[in-house]
Amino acid sequence: MSGGVLRAPELPAWPQYSDEEREGLIRALEQGQWWRMGGSEVDSFEREFAAYHGADYALAVTNGTHALELALQVLGVGPGTEVIVPAFTFISSSQAAQRLGAVAVPVDVDLDTYCIDPQAAAAAVTARTRAIMPVHMAGQLADMDALAKVSADTGVPLLQDAAHAHGTQWQGRKVGELGSVAAFSFQNGKLMTAGEGGAVTFPDAELFELAFLRHSCGRPRTDRRYFHQTSGSNFRLNEFSASVLRAQLGRLAGQIDTREQRWPVLAEALAAIPGVVPQGRDERCDRNSHYMAMFRVPGLGEDRRNALVDALIERGLPAFAAFRSIYRSNGFWETGAPDTTVDELAARCPNTEALSADGIWLHHRTLLGTEEQMHQVAAVVADVMAAQ
């Protein structure tokens with residue numbers, strides 16, 4: 001309490017770092033080679049990240065958006081093709097496809113898990129579809145069983161947008177063990193971070209090698225005569241970032257353990273507040289990294305939701321409005337947009353419309369607090385809602 005106003009507890013800061021990051025940066029500095037083609041940090045990080053996620057191969061890249069773009073390109077996405085994406089996601093999911101000249105096709109999500117609706121994805125497949133992109137929202141994996149069947153039935157590969165799902169598991173299988181390419185982000189707010197960065201995991205050597213070429217301007221590792229074998233760009237991660245990410249990966253499992261313990265406490269306390277509905281959980285997702293602590297206030301409406309978020313921030317909570325429907329941003333329509341209208345897409349995506357208007361999330365550092373702090377956080381939410 002401060003002046004009669006209930007305020008949030010002092011929650012852990014983010015990013016977190018220690019001597020491991022300092023030692024890694026010095027190690028990268030003193031090796032004398034600061035880019036991946038001459039150093040060892042990126043190579044080491046890729047091996048460690050792949051092993052942690054049960055993948056055969058991992059490729060580190062400059063950021064999560066580039067991870068998606070590169071993955072889509074090696075799956076054959078380009079002009080004249082389509083990519084199915086959830087309408088409720090950060091816009092990088094669609095823009096990665098649109099930057100390649102493809103059309104992004106938004107479909108609705110499940111109102112409990114906030115992940116892509118497999119039936120809606122199946123209904124959107126056409127002869128031009130080259131990828132279906134499930135986004136593992138807030139660490140909750142999309143229904144990978146149903147999506148795997150859609151992929152098998154249609155021949156369209158899955159690309160997991162795992163920007164929120166480092167360390168998450170589906171029925172005991174890690175993201176890299178689910179048989180499809182996956183893209184990760186290491187942006188400053190993510191579950192492990194070097195400020196920016198990304199990675200793509202691959203189930204086979206052919207896709208990995210093609211991605212390596214394209215992420216390095218089409219140039220083979222041993223080339224000395226500028227024989228660029230494919231088109232591409234420079235998506236190479238630097239040695240300093242990789243050294244930090246190696247340290248971040250080392251503490252990820254313990255942080256997930258803590259979030260898994262705290263989320264049920266916070267979710268139960270939030271659910272006890274009249275009008276609040278926490279994000280649901282598909283129990284087949286038996287390890288959830290909890291990138292966000294998400295909840296809804298159904299029927300609240302966008303303006304009142306935004307005012308509620310502002311009030312939570314004023315009380316000291318790291319609160320955010322949920323993602324806007326991707327088709328309700330001007331950037332979605334600049335290039336690679338489907339031949340339809342906002343209103344038509346909104347009619348097809350009622351769950352996305354609801355989440356965009358009444359969804360709220362708290363930064364995952366909230367879930368690194370103590371069990372008592374989870375009750376204090378919920379008390380602030382309740383107090384703010386009562387005052388609205």
Side-chain angles (χ1 to χ4, degrees), residues 1-2 5-14 88-89 109-115 135-141 164-165 168 189 191 255-283 285-324 351-388:
M1 296 285 289
S2 176
V5 176
L6 187 63
R7 293 193 57 81
E10 187 172 345
L11 297 165
W14 191 264
F88 182 70
T89 183
V109 298
D110 180 85
L111 199 55
D112 185 43
T113 65
Y114 311 166
C115 295
V135 176
H136 300 319
M137 185 56 60
Q140 165 62 56
L141 264 64
H164 301 175
T168 300
L191 294 160
Q255 291 171 335
I256 294 175
D257 288 344
T258 299
R259 294 189 192 99
E260 281 277 61
Q261 294 166 11
R262 299 293 181 261
W263 170 246
V265 177
L266 179 59
E268 182 178 5
L270 289 172
I273 303 170
V276 174
V277 180
Q279 181 187 21
R281 178 164 180 166
D282 187 325
E283 291 305 319
C285 179
D286 47 22
R287 184 166 174 79
N288 186 326
S289 55
H290 299 289
Y291 171 60
M292 304 167 176
M294 300 191 78
F295 61 94
R296 299 178 57 213
V297 186
L300 190 64
E302 186 172 353
D303 290 342
R304 292 176 61 203
R305 185 277 311 278
N306 292 345
L308 178 58
V309 169
D310 289 344
L312 293 174
I313 293 171
E314 290 174 3
R315 299 288 192 96
L317 283 181
F320 302 82
F323 298 126
R324 179 177 298 278
N351 295 341
T352 295
E353 288 292 295
L355 286 164
S356 298
D358 61 36
I360 296 171
W361 60 277
L362 305 176
H363 190 278
H364 61 79
R365 68 185 180 90
T366 304
L367 297 175
L368 295 177
T370 65
E371 184 170 331
E372 176 58 28
Q373 286 177 328
M374 300 305 101
H375 294 287
Q376 294 170 349
V377 167
V380 171
V381 174
D383 194 55
V384 170
M385 287 190 61
Q388 293 291 300

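Predicted, not measured: the structure shown is a model, and the values here were computed from it.
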For this session: Step by step, work out the side chain to side chain contact (heavy atoms under 4.5 Å, CB included) result for Trp14 and Leu368.
Result: CA-CA 10 Å; Trp14 191 264; Leu368 295 177; 4.0 Å; yes

Exercise. Given the rule in the side chain to side chain contact (heavy atoms under 4.5 Å, CB included) test, do Leu191 and Gln255 qualify, once you have shown the distances and angles that lead to the verdict?
Worked result: CA-CA 9 Å; Leu191 294 160; Gln255 291 171 335; over 6 Å; no

For this session: With side chain to side chain contact (heavy atoms under 4.5 Å, CB included) as the test, would you mind laying out the steps for Leu317 and Val381 before giving the verdict?
Result: CA-CA 9 Å; Leu317 283 181; Val381 174; 4.0 Å; yes

Exercise. Between Thr258 and Leu367, is a side chain to side chain contact (heavy atoms under 4.5 Å, CB included) present by the stated rule, with each step listed?
Worked result: CA-CA 7 Å; Thr258 299; Leu367 297 175; over 6 Å; no

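When the side chain to side chain donor-acceptor pair (under 3.5 Å) test is applied to Arg262, no partner is found at least two apart in sequence or on another chain. For Asp286, there are no side chain to side chain donor-acceptor pair (under 3.5 Å) partners two or more places apart in sequence or in a different chain.
Atom CD of Glu268 sits in a sparse spot, with 12 or fewer heavy atoms from other residues, nucleotides or ligands closer than 6.0 Å. The 12-atom threshold is not exceeded at CD of Glu10, counting heavy atoms of other residues, nucleotides or ligands nearer than 6.0 Å.
Nearest heavy atom pair, residue Ala322 against residue Arg305, reads N-NH1, 3.6 Å. Here the shortest heavy-atom pairing between Pro12 and Gln373 reads CD-OE1, 4.5 Å. Pairing each heavy atom of Val265 with each of Met374, the nearest pair is CG1-CB, 3.8 Å. Counting all heavy atoms, side chain and backbone alike, Gly189 lies closest to Tyr291 at O-CE1, 3.3 Å. Residues Val384 and Ala311 share a closest heavy-atom pair of CG1-CB, 3.5 Å. The two residues Thr113 and Met137 make their nearest non-hydrogen contact at O-CB, 4.3 Å.
Classified by interplanar angle (parallel below 30°, tilted 30° to 60°, perpendicular above 60°), the ring pair Phe88/Tyr114 is perpendicular.
Within the 3.5 Å criterion, the main-chain N or O of Asn288 finds no donor-acceptor partner in the side chain of Gln140. Remark: the backbone N or O of Cys115 is not paired with any side-chain donor or acceptor of Asp110 at under 3.5 angstrom. Listed for the Ser289 side chain is a donor-acceptor partner under 3.5 Å among the backbone atoms of His164. A donor-acceptor distance shorter than 3.5 angstrom exists from the side chain of Trp361 to the backbone of Ala321, with no hydrogens or angles considered.
Screening residues 352-368 for salt bridge (Lys or Arg N to Asp or Glu O under 4.0 Å) gives Arg296-Asp358, Arg328-Glu353 as the qualifying pairs, with residues at least two apart or on separate chains.
With values rounded to the nearest 0.5 angstrom, Leu141 atom CG is found 10.0 Å from Arg281 atom CZ.
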